[in-house]
Amino acid sequence: MEITTDWKLKLRYGKETTPYTHFTVIADGIAGQLEDGFNCPMGTAVMSMKVWATDANEAVNMIKVLGNKIGFQANDHIEVYTTEAEQAPKNDPFGYSINFVPYNDN
């Protein structure tokens with residue numbers, strides 16, 4: 001039986017490779033009426049998402065596009081960090097662990 005973190009070890013020691021890098025992306029913006037499955041009061045908020053992407057520019061584009069699809073409008077304040085993955089890479093770039101934190105901008 002294969003343990004869950006086996007893919008991490010295979011990537012770390014070069015037994016498997018991926019053209020993608022893992023990032024955590026944090027975007028400031030406005031939460032509107034969010035799609036089912038997502039919860040945040042309407043107004044200013046921060047959206048975070050973990051992604052496997054080709055590069056940091058693609059990661060930024062992913063949070064903007066996915067945010068728009070689910071009802072979040074990101075502004076130009078977006079931070080990208082290279083981070084340890086919680087999910088294995090796939091054949092294509094993808095995002096997961098999408099979260100929202102509302103805040104009062106006064």
Side-chain angles (χ1 to χ4, degrees):
M1 177 167 57
E2 189 173 338
I3 59 171
T4 0
T5 57
D6 193 39
W7 60 268
K8 287 184 182 182
L9 294 174
K10 287 178 179 177
L11 281 174
R12 183 173 292 137
Y13 295 110
K15 294 189 186 244
E16 288 185 10
T17 60
T18 180
Y20 307 116
T21 302
H22 189 270
F23 300 99
T24 297
V25 189
I26 302 168
D28 186 51
I30 304 293
Q33 183 65 41
L34 299 181
E35 291 290 319
D36 286 343
F38 298 98
N39 187 20
C40 184
M42 293 175 89
T44 53
V46 173
M47 175 182 170
S48 65
M49 178 172 73
K50 297 176 184 195
V51 302
W52 280 101
T54 306
D55 56 30
N57 289 330
E58 183 176 49
V60 167
N61 190 49
M62 289 171 70
I63 200 164
K64 287 180 177 181
V65 170
L66 291 172
N68 281 336
K69 285 184 178 184
I70 59 178
F72 180 81
Q73 180 64 46
N75 63 29
D76 290 333
H77 186 184
I78 299 174
E79 298 176 14
V80 182
Y81 302 94
T82 304
T83 56
E84 177 120 3
E86 294 176 9
Q87 291 188 15
K90 298 180 182 177
N91 292 331
D92 296 307
F94 73 99
Y96 65 98
S97 290
I98 297 172
N99 292 299
F100 296 93
V101 177
Y103 68 91
N104 186 345
D105 62 349
N106 291 335

In the single-linkage hydrophobic clustering (I, L, V, M, F, W, Y; side-chain heavy atoms under 4.5 Å), do [X] and [Y] co-cluster?
{"X": "Tyr20", "Y": "Val60", "value": "no"}
{"X": "Met62", "Y": "Trp52", "value": "no"}
{"X": "Phe38", "Y": "Met49", "value": "yes"}
{"X": "Leu66", "Y": "Phe23", "value": "yes"}
{"X": "Phe100", "Y": "Val25", "value": "yes"}

Any chance you could measure [X], atom [atom1], to [Y], atom [atom2], to the nearest 0.5 Å?
{"X": "Ile30", "Y": "Gln73", "atom1": "CD1", "atom2": "CD", "value": "9.0 Å"}
{"X": "Leu34", "Y": "Met42", "atom1": "CG", "atom2": "CE", "value": "8.0 Å"}
{"X": "Glu58", "Y": "Thr21", "atom1": "CD", "atom2": "OG1", "value": "10.0 Å"}
{"X": "Lys64", "Y": "Lys69", "atom1": "NZ", "atom2": "NZ", "value": "15.5 Å"}
{"X": "Ile63", "Y": "Ile98", "atom1": "CD1", "atom2": "CD1", "value": "8.0 Å"}
{"X": "Ile70", "Y": "Asp36", "atom1": "CD1", "atom2": "CG", "value": "11.5 Å"}

| task | State, with a plain yes or no, whether a side-chain heavy atom of Gln87 is found less than 4.5 Å away from one of Lys50. | result | no
Can you name the nearest heavy-atom pair linking [X] to [Y], along with the distance?
{"X": "Pro89", "Y": "Trp7", "value": "CD-CE3, 4.0 Å"}
{"X": "Val51", "Y": "Ala59", "value": "CG2-CB, 3.7 Å"}
{"X": "Ala85", "Y": "His22", "value": "CB-CD2, 3.4 Å"}

| task | Measure from the side-chain N and O atoms of Thr24 to the backbone N and O of Tyr81, and report whether any donor-acceptor pair falls under 3.5 Å. | result |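 Answer holds: no.
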| task | Return yes when atom OH of Tyr13 has more than 12 non-hydrogen atoms of other residues, nucleotides or ligands closer than 6.0 Å, and no otherwise. | result | no
| query | Knowing that exactly one of Asp76, Ile78, Val46 qualifies, which makes a side chain to side chain contact (heavy atoms under 4.5 Å, CB included) with Asp28? | reply | Val46
| field | Residues forming a side-chain contact (heavy atoms from CB on, under 4.5 Å) with Ala45, sequence neighbours excluded | value | Ala31, Cys40, Phe72
